[in-house]
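Step one of this worksheet: look at the structure below.
Sequential numbering from 1 along the given sequence is applied to the chain's residues.
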Amino acid sequence: MKVNGPQVLERELRGMKKEEVFLSSASDPYQPVEARYRLTRRCLELLQKKEFPTSILTRSPLVLRDLDLLRKFRWVKVGMSVTTVPSRRFEPGVPPLGRRIETLRRLGEAGITTWVSLAPVVPGLMFVDLEELFEDLREAGVSAVSFGILRFTGYEESRRMFEEAAQMTTAEALAGREEVVERLSGLVRRFGMERTADEAWWRPDAEEAVSLDSFGYHLGSGGEATKDPRS
């Protein structure tokens with residue numbers, strides 16, 4: 001944990017061009033330790049003060065602690081990470097799916113734009129009914145869903161651990177992925193959600209639409225704001 005993250009971020013923001021900050025892709029900004037150290041909140045306070053458009057991705061209801069601060073943002077949206085295997089076996093220590101959906105509902109009721117990152121999707125392991133999931137997300141007020149199929153490129157140890165836990169090969173887990181992608185795309189359309197979002201969603205005159213996974217800047221583990229290599 002980088003306890004000096006807010007100080008590093010404050011320094012990095014000086015003179016930086018105003019672009020979207022994604023908090024965060026590498027690790028959850030609301031891990032249990034955040035309840036004690038409040039590093040994410042302190043970073044959010046800086047971003048709100050400087051009026052940086054901010055997108056949050058988490059799996060934790062702890063984000064609700066910061067509702068008072070989120071309401072002060074001029075531009076902010078909060079995403080919840082969901083997988084097709086929301087069980088202790090594959091997601092130890094992660095809040096249950098029901099709590100995550102309830103968190104989205106409460107955020108929406110507070111006027112916060114919400115979205116869902118449905119990833120990884122494991123075609124061979126569907127512990128959720130996709131139809132029911134999308135119905136729940138729509139009722140919770142979710143506006144957009146981005147989804148991604150399971151992949152282990154460059155993460156051989158993760159692949160080995162997955163196959164051991166799932167008791168199947170990666171090839172078996174990915175069987176039927178084309179059909180699943182087609183079904184998910186259809187569900188996004190049918191439930192009136194967006195699969196893509198405007199890269200500059202905070203700019204009224206923006207026209208170019210890109211993936212929800214494409215953001216201007218990422219907040220690193222040390223608090224430094226770095227350009228997303230994918231953008």
Side-chain angles (χ1 to χ4, degrees), residues 1-81 103-104 107-108 110-117 119 142-146 148 153-154 194-231:
M1 164 167 289
K2 308 292 192 204
V3 293
N4 67 332
Q7 288 81 7
V8 175
L9 176 62
E10 184 175 25
R11 184 175 67 247
E12 292 286 331
L13 290 179
R14 292 171 188 162
M16 179 176 286
K17 179 183 176 183
K18 190 172 293 183
E19 294 287 354
E20 182 174 357
V21 175
F22 183 30
L23 206 154
S24 58
S25 62
S27 60
D28 197 314
Y30 284 98
Q31 297 181 45
V33 71
E34 167 62 17
R36 174 184 177 186
Y37 287 94
R38 301 170 71 88
L39 298 179
T40 294
R41 183 177 176 96
R42 287 159 58 194
C43 288
L44 287 173
E45 289 171 345
L46 291 169
L47 294 169
Q48 186 274 327
K49 182 179 179 181
K50 298 290 186 180
E51 292 194 338
F52 271 77
T54 301
S55 184
I56 298 168
L57 179 61
T58 181
R59 294 185 291 185
S60 174
L62 183 58
V63 66
L64 295 172
R65 178 203 63 187
D66 295 336
L67 256 181
D68 63 316
L69 178 57
L70 295 175
R71 287 194 185 103
K72 296 178 182 179
F73 270 79
R74 187 173 179 184
W75 305 285
V76 70
K77 57 185 176 181
V78 178
M80 195 63 61
S81 179
T103 299
L104 289 165
L107 287 164
I112 307 299
T113 299
T114 60
W115 59 284
V116 162
S117 172
V142 172
S143 62
V145 174
S146 173
T153 305
E194 298 290 335
R195 188 182 170 189
T196 59
D198 198 328
E199 183 180 34
W201 51 275
W202 49 280
R203 293 192 183 107
D205 59 346
E207 296 179 355
E208 183 182 3
V210 298
S211 167
L212 269 172
D213 289 329
S214 299
F215 296 98
Y217 289 86
H218 283 207
L219 189 61
S221 59
E224 66 278 7
T226 57
K227 186 68 177 177
D228 185 349
R230 297 170 296 179
S231 60

>> Tell me if a side-chain donor or acceptor on T54 pairs with a main-chain N or O of F52 at a distance below 3.5 Å.
In response: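 The answer is yes, because a donor-acceptor pair under 3.5 Å joins these two groups.
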> Is it true that R38 and E34 make a salt bridge, defined as a side-chain N closer than 4.0 Å to a carboxylate O?
Replying inline: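 E34 and R38: not salt-bridged.
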> Does the pair D66/R42 count as a salt bridge with the N-to-O cut at 4.0 Å?
Replying inline: no
What is the distance from atom [atom1] of [X] to atom [atom2] of [Y], rounded to the nearest 0.5 Å?
{"X": "L57", "Y": "F22", "atom1": "CG", "atom2": "CZ", "value": "4.5 Å"}
{"X": "K72", "Y": "E45", "atom1": "NZ", "atom2": "CD", "value": "8.0 Å"}
{"X": "K49", "Y": "L69", "atom1": "NZ", "atom2": "CG", "value": "13.0 Å"}
{"X": "L62", "Y": "D28", "atom1": "CG", "atom2": "CG", "value": "9.0 Å"}
{"X": "Q7", "Y": "L46", "atom1": "CD", "atom2": "CG", "value": "8.5 Å"}

> At their closest point, which heavy atom of S60 faces which heavy atom of M80, and how far apart are they?
Replying inline: N-SD, 4.0 Å
> Does the side chain of V76 come within less than 4.5 Å of I112's, by heavy atoms?
Replying inline: yes
> Do V78 and T113 come within less than 4.5 Å of each other through their side chains, counting heavy atoms only?
Replying inline: no
>> Using the salt bridge (charged side-chain N to carboxylate O under 4.0 Å, His left out) criterion, which residues pair with R71? Sequence neighbours excluded.
In response: none
> Considering the options L44, L107, T40, which one meets the side-chain contact (heavy atoms from CB on, under 4.5 Å) requirement together with I56?
Replying inline: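 Answer to the side-chain contact (heavy atoms from CB on, under 4.5 Å) test with I56 among L44, L107, T40: L44.
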